[in-house]
K.L.:
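Mind looking over this structure? Questions follow.
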Amino acid sequence: EQLPIDVVKSRVKELSDWFKALHPYDELVGKEMDVWVSNEKTGDYRCCHTKNYTKVLIVDSKEFAAGDVVRVKCVEAQRFHVKARIVEKNGN
């Protein structure tokens, strides 16, 4: 049996508001971490991942390649990823 439309709309709004309030990576801002560089690019950024697969975007550069490990410092948190700057390039 279908729920009344006002109940559906109310539940959708509540769930949508809850999702918009999520900020899972805020605690990473200012922290350093090692990331593995991937082939994936997003605009001027190269996608990387932490050991627990958090997506990290760094400015793309010819100084590193897919498979490299780099030390980064998180400078900005967004809902689905963080942006970071390179601190140092580590060995593979």
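One-based numbering along the sequence shown.
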K.L.:
Grouping I, L, V, M, F, W and Y whenever their side-chain heavy atoms are under 4.5 Å apart, do Tyr53 and Val35 come out in a common cluster?
P.N.:
no
K.L.:
Salt bridge between Lys41 and Asp60, side-chain N to carboxylate O under 4.0 Å?
P.N.:
yes
K.L.:
Enter the distance from Ser10:OG to Ile5:CD1 here, rounded to the nearest 0.5 Å.
P.N.:
11.5 Å
K.L.:
Rounded to the nearest 0.5 Å, how far apart are NZ of Lys9 and CG of Asp6?
P.N.:
9.0 Å
K.L.:
To the nearest 0.5 Å, tell me how far His81 NE2 sits from Thr54 OG1.
P.N.:
12.0 Å
K.L.:
Mind running side chain to side chain contact (heavy atoms under 4.5 Å, CB included) on Asp34 and Val70 for me, showing each step along the way?
P.N.:
CA-CA 6 Å; Asp34 291 326; Val70 294; over 6 Å; no
K.L.:
With rounding to the nearest 0.5 angstrom, report the NZ to OG1 distance, Lys31 to Thr50.
P.N.:
12.5 Å
K.L.:
Should we say atom CZ of Arg71 is surrounded by more than 12 heavy atoms from elsewhere, each under 6.0 Å from it?
P.N.:
yes
K.L.:
Using a side-chain heavy atom cutoff under 4.5 Å and only I, L, V, M, F, W and Y, what cluster partners does Leu57 have?
P.N.:
Tyr45, Val59
K.L.:
Is it the case that more than 12 heavy atoms not belonging to Glu27 sit under 6.0 Å from its CD atom?
P.N.:
yes
K.L.:
Let me confirm one number: the CD1-CZ distance from Ile86 to Phe64, rounded to the nearest 0.5 Å.
P.N.:
4.5 Å
K.L.:
Quick test of your reading of the model: are Glu40 and Lys55 salt-bridged, counting only N-O distances below 4.0 Å?
P.N.:
yes
